[in-house]
Amino acid sequence: MAAAADSHGLTFRQDYFGDPAAWAALVALLEDTFGIDVGLQDRFGGPDPTSMPFGYFDENGVCAANFSAFFMPLMIDGRLVRAAGFQSGAVRPQWRGRGLYRDLMNRAFGWCDEQGFELGILLTDKPAMYEPYGFKILPQQRFVGPPPPVETRHAGVAHVLSLENAVDIALIRQILRERMPVSSVFAVAAQAEMFLLNCFFDPDIKLAHLDQFEAVVAWKSDEASFQLLDIAGKSIPPLAAILSVLDQHHDRVEVCFPPDKLGWQGTPESFESDISLMVQGDAATRLSGPVMLSPLAEF
Ligand SMILES: CC(C)(COP(=O)(O)OP(=O)(O)OC[C@H]1O[C@@H](n2cnc3c(N)ncnc32)[C@H](O)[C@@H]1OP(=O)(O)O)[C@@H](O)C(=O)NCCC(=O)NCCS
């Protein structure tokens, strides 16, 4: 943990998650700013151990401003890319417009340059703020189409999983540790914390363990379509097997990641959102073809 010179009477701290009071102060900042409780991660094993937070604190320990980097290895076009994700960017209203966030962005991006990351990645509703630092919007496309033809009914069992169940959480965490990337084109290679938190925040997401594949499938469905959000597994089941084992029979399937491992090809369809995916670095220029970051990898 490092402390540095004051700014506006605030104390700068880096790498402070070892201090429970400082972690709680960040949880409060994010709750007050975004209305989300990232403290729920304590149920799932705590914050991402690769996180490198940069923050300013007042004399009472209140976190006035924060911006965090974390290690987010990505599989891009068949190559493992050493990428850094950026998240938890917020400044309390009374401290805005004084350059605190600029200072924290400079520190975080500078630290990542020193660490030799090949790619930076973030999600934002304020893309103009990151463009001066070389970030560019990466348009996202999901993949839609009719389901694969049903040849034979796949044998296999799906167990519904619940985040209310400690045994299920342990199983999901174990599988997340051992997962293979869901796509070779564009996918997280390792990341557990956001998968669990994203599931927890959206009660419409269903989770099932496909025993035969040692894989956890995250999905939604409504009258119109079956939506495949992510798969964490030692192997990636074909879409036909997933639909058969989950007993899902829709005319339309939407896959929220490049489907190169699913034995099925959907048609890319522009994914509109107020939140832009942005990337920075040489590895970003090598991206080819339509991509989407799985909603369960959002951060
Ligand atoms: C966005 C936010 C972090 C900015 O914090 P801040 O301390 O007021 O920002 P700074 O004063 O350090 O300004 C940094 C730069 O961002 C720019 N900026 C600030 N707010 C901006 C906005 N809403 N949209 C675009 N650019 C913005 C500033 O003009 C400044 O540019 P400059 O370096 O060229 O002068 C703060 O308003 C906030 O917490 N908002 C709510 C949460 C949020 O949106 N977080 C960002 C999530 S991606």
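Values in this document were obtained by computation on a predicted structure and should not be read as measured data. Counting starts at 1 for both ligands and their atoms, in listed order.
Distances below 4.0 Å separate heavy atoms of T124 from the following atoms of ligand 1: 48 (S). Numbered from 1 in the order shown, with element, the atoms of ligand 1 that lie under 4.0 Å from a heavy atom of G99 read 10 (P), 11 (O), 12 (O). Which parts of ligand 1 touch R98 is read off a 4.0 Å heavy-atom cut-off, strictly below it: atoms 11 (O). When each atom of ligand 1 is checked for a heavy atom of T33 under 4.0 Å away, the hits are 41 (C), 42 (C).
Residue contacts with ligand 1: G89 is placed with a nitrogen or oxygen under 3.5 Å of a nitrogen or oxygen of the ligand (distance criterion only). At least one N or O atom of V91, backbone or side chain, sits closer than 3.5 Å to an N or O atom of ligand 1. Between L123 and ligand 1, a contact under 3.5 Å exists for no N or O pair. Remark: ligand 1 and K126 share an N or O pair separated by less than 3.5 Å (distance only, no angle test). For ligand 1, the polar-atom distance check finds no N/O of D103 at less than 3.5 Å from any of the ligand's N/O atoms. The shortest N or O to N or O distance between R102 and ligand 1 is under 3.5 Å. Between A90 and ligand 1, a contact under 3.5 Å exists for no N or O pair.
No donor-acceptor contact under 3.5 angstrom links the side chains of S162 and D168, judged on distance only.
A 6.0 Å sphere centred on CD of Q265 holds no more than 12 heavy atoms belonging to other residues, nucleotides or ligands.
Both the sub-6.0 Å distance and the 45° axial angle are satisfied by R82 relative to the ring of F117. Stacking of R92 on the aromatic ring of Y56 is not recorded, the 6.0 Å distance cut-off and the 45° axial limit not both being met. Judged by the 6.0 Å and 45° rule, R107 forms no cation-pi pair with F54.
Of all the listed residues (Y133, F34, Y101), Y101 holds the heavy atom that lies closest to atom 4 (C) of ligand 1.
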_side-chain contact (heavy atoms from CB on, under 4.5 Å) evaluation trace for T267 with F143_ = CA-CA 5 Å; T267 305; F143 301 81; over 6 Å; no
